[in-house]
Amino acid sequence: MIPHYGIQLETLTQRYIAAHPRSMKAMRTAGQWMPGGNTRTVLHYDPFPVVIVGGKGSRVTDLDGLEYIDCVGEFSAGLYGHQQGPIHQALEQALKGGLTLGGPNLWESQLAEAVCGRFDSIDKVRFCNSGTEANLFAVITARAYTGRDAIVVFDGAYHGGVMTFAGGGSPMNVPFDYIVLPYNDAAAVRELFAGQGGRIAAALVEPILGAAGNIPGTVDFLQALREQCSLHSSLLIFDEVKTSRCGPAGVQGLHGILPDMTTLGKYLGGGLPLGAFGGKQEIMDRFDPRLAQGLKHAGTFNNNVLSMSAGVAGLTQVYTPRRAQEFHEETEAFKSTLACKLEQAGLPIRLTGHGSMFTFHYGHQEPLSVSDVNETSVALRRLLHLRCMELGIRLAGRGDVYLSLAMTPGDLQELSDGLLQAAGDVLRPPAG
Ligand SMILES: Cc1ncc(COP(=O)(O)O)c(C=O)c1O
């Protein structure tokens with residue numbers, strides 16, 4: 001329950017339904033063929049999601065013709081914005097050469113070179129089709145490499161729909177031998193490894209706990225994981241599927257804490273499906289297909305020319321290390337300025353995350369783990385989401401904000417003004 005709130009959820013919901021008749025109808029039709037009209041759970045929100053028909057630059061348009069600044073940013077995969085020049089050119093060139101060629105192509109080694117050149121912890125890499133797959137392969141690799149079973153994960157973590165640890169796990173999880181610890185609890189990490197280190201294959205961690213509210217891992221916590229994994233010959237896997245866009249070399253680069261393996265995905269394919277897992281040479285070389293007892297890793301579309309070529313253009317022509325550093329600084333400044341404005345306006349909201357990916361939390365404390373995220377924050381984000389759409393800003397249904405490279409200074413100003421207004425509108429009673 002939000003104290004002293006302004007516009008009510010019921011009012012916003014009624015206005016939303018009235019503003020989106022075509023989306024409502026299209027979602028009803030979709031519901032005849034797909035459960036709830038949905039094929040990707042995270043895209044659902046009440047009363048129904050708008051259908052998106054196109055995107056250009058920093059904006060998207062819905063089926064009712066309404067335009068929004070796109071802060072859904074495809075949950076971080078939309079880093080490049082819409083209709084990005086070099087990426088589209090690379091795709092057109094790749095298309096001319098034909099699809100499904102059934103052999104190694106020249107793009108994949110270029111993309112591998114770009115990835116390995118970027119992340120000091122990745123000597124060698126393999127591609128797959130999604131972040132979910134990347135995490136599955138990383139965990140299975142760790143089990144095969146160490147000959148152990150247990151995987152340490154963290155409360156609230158999301159590593160794909162089959163390894164999700166919000167609210168005590170999911171019946172859809174693959175049945176590994178998980179040990180679930182609280183996030184940002186270095187003491188719990190040390191205690192666990194002291195007692196059970198010998199059976200732990202790997203610790204799998206998001207350096208920023210994303211879906212649970214963009215909660216950054218503290219340096220102390222991430223370092224404790226690094227130390228304990230080294231001490232007990234377990235592998236440390238950083239799930240940087242989202243966070244590898246934070247600066248030139250992800251969160252591992254920002255903190256100088258290097259894992260044994262890293263998983264990547266989202267923006268890596270330039271907007272097309274792609275995942276990757278990589279790490280130390282001695283681990284990854286087990287996949288050498290010339291080895292009689294080598295590990296096998298298959299996937300028909302692992303090196304598909306569209307994802308490969310778009311990924312190469314994205315990493316080498318657009319999101320170069322220099323641009324990534326600038327974007328890191330610009331978006332950190334944006335987040336700090338917005339946080340100051342919210343405070344000056346007397347609104348009890350904290351922003352957590354990285355500059356280009358952040359989440360709103362109600363109150364004056366920044367959460368350190370998922371148990372610190374209060375119900376009021378969840379209610380606040382629902383209100384903000386609907387109010388922002390009225391103001392021409394599309395946040396993720398659960399209230400995350402993702403900034404893209406396509407956003408101009410004018411977009412960012414409009415966004416900052418809109419977010420501030422929306423926060424005031426939903427938290428303060430209307431004047432008079
Ligand atoms: C941290 C993290 N890991 C893994 C995944 C799964 O990636 P994908 O949706 O590409 O399977 C996600 C997706 O949101 C994620 O946020």
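Atoms within each ligand, like the ligands themselves, are counted from 1 in listed order. What's counted below: heavy atoms across the whole structure, side chains too, no hydrogens, waters or symmetry copies.
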(message) In the structure I gave you, are the side-chain heavy atoms of V174 and M163 within less than 4.5 Å of one another anywhere?
(response) yes

(message) If the threshold is 4.0 Å, N to carboxylate O, is there a salt bridge linking D285 and K280?
(response) no

(request) Specify whether F176 and Y178 have parallel, tilted or perpendicular ring planes, treating 30° as the upper limit for parallel and 60° as the lower limit for perpendicular. (result) perpendicular

(request) With heavy atoms under 4.0 Å as the rule, classify the contact between T132 and ligand 1 as side chain, backbone, both or neither. (result) both

(request) Output yes when R148 and D177 qualify as a salt bridge under the 4.0 Å nitrogen-oxygen rule, no when they do not. (result) no

(request) With heavy atoms under 4.0 Å as the rule, classify the contact between V42 and ligand 1 as side chain, backbone, both or neither. (result) neither

(request) Check whether any heavy atom of F75 sits under 4.0 Å from an atom of ligand 1. (result) no

(message) Using a 4.0 Å cutoff against the non-hydrogen atoms of S130, which atoms of ligand 1 qualify?
(response) 10 (O), 11 (O)

(message) Tell me whether V241 has any N or O atom under 3.5 angstrom from an N or O of ligand 1.
(response) no

(message) Among all protein heavy atoms in this structure, tell me which lies nearest to atom 3 (N) of ligand 1, with the distance rounded to 0.1 Å.
(response) D239 OD2, 2.7 Å

(request) Distance to 0.1 Å, residue and atom name: give those for the protein heavy atom nearest to atom 16 (O) of ligand 1. (result) K242 CD, 3.1 Å

(message) Give me the nearest non-hydrogen protein atom to atom 15 (C) of ligand 1 as residue plus atom name, then the distance to 0.1 Å.
(response) Y158 CD2, 3.7 Å

(request) Drop me the distance from L295's CG to F137's CZ, to the nearest 0.5 angstrom. (result) 10.5 Å

(request) Measure K266 to ligand 1 on non-hydrogen atoms and call it side chain, backbone, both or neither using the 4.0 Å cut-off. (result) side chain

(request) Check whether any N or O atom of E206, backbone or side chain, sits under 3.5 Å from an N or O atom of ligand 1, and answer yes or no. (result) no

(message) Taking E375 first and then R382, would you say they form a salt bridge - that is, a charged N and a carboxylate O separated by under 4.0 Å?
(response) no

(message) Ignoring hydrogens and geometry beyond distance, is a side-chain donor-acceptor pair present between D220 and Q223 at under 3.5 Å?
(response) no

(message) Only heavy atoms of G131, strictly under 4.0 Å: list the atoms of ligand 1 that pass.
(response) 6 (C), 7 (O), 8 (P), 10 (O), 11 (O)

(message) Any carboxylate oxygen within less than 4.0 angstrom of a Lys/Arg side-chain nitrogen, looking at D400 and R398?
(response) yes

(message) Can you tell whether the side chains of K266 and E240 come within less than 4.0 Å, N to carboxylate O?
(response) no

(request) May I ask you to list the atoms of ligand 1 that are less than 4.0 angstrom from any heavy atom of N135? (result) 3 (N), 4 (C)

(request) Compute the shortest N/O to N/O distance between H159 and ligand 1 and return yes if it is under 3.5 Å, no if not. (result) no

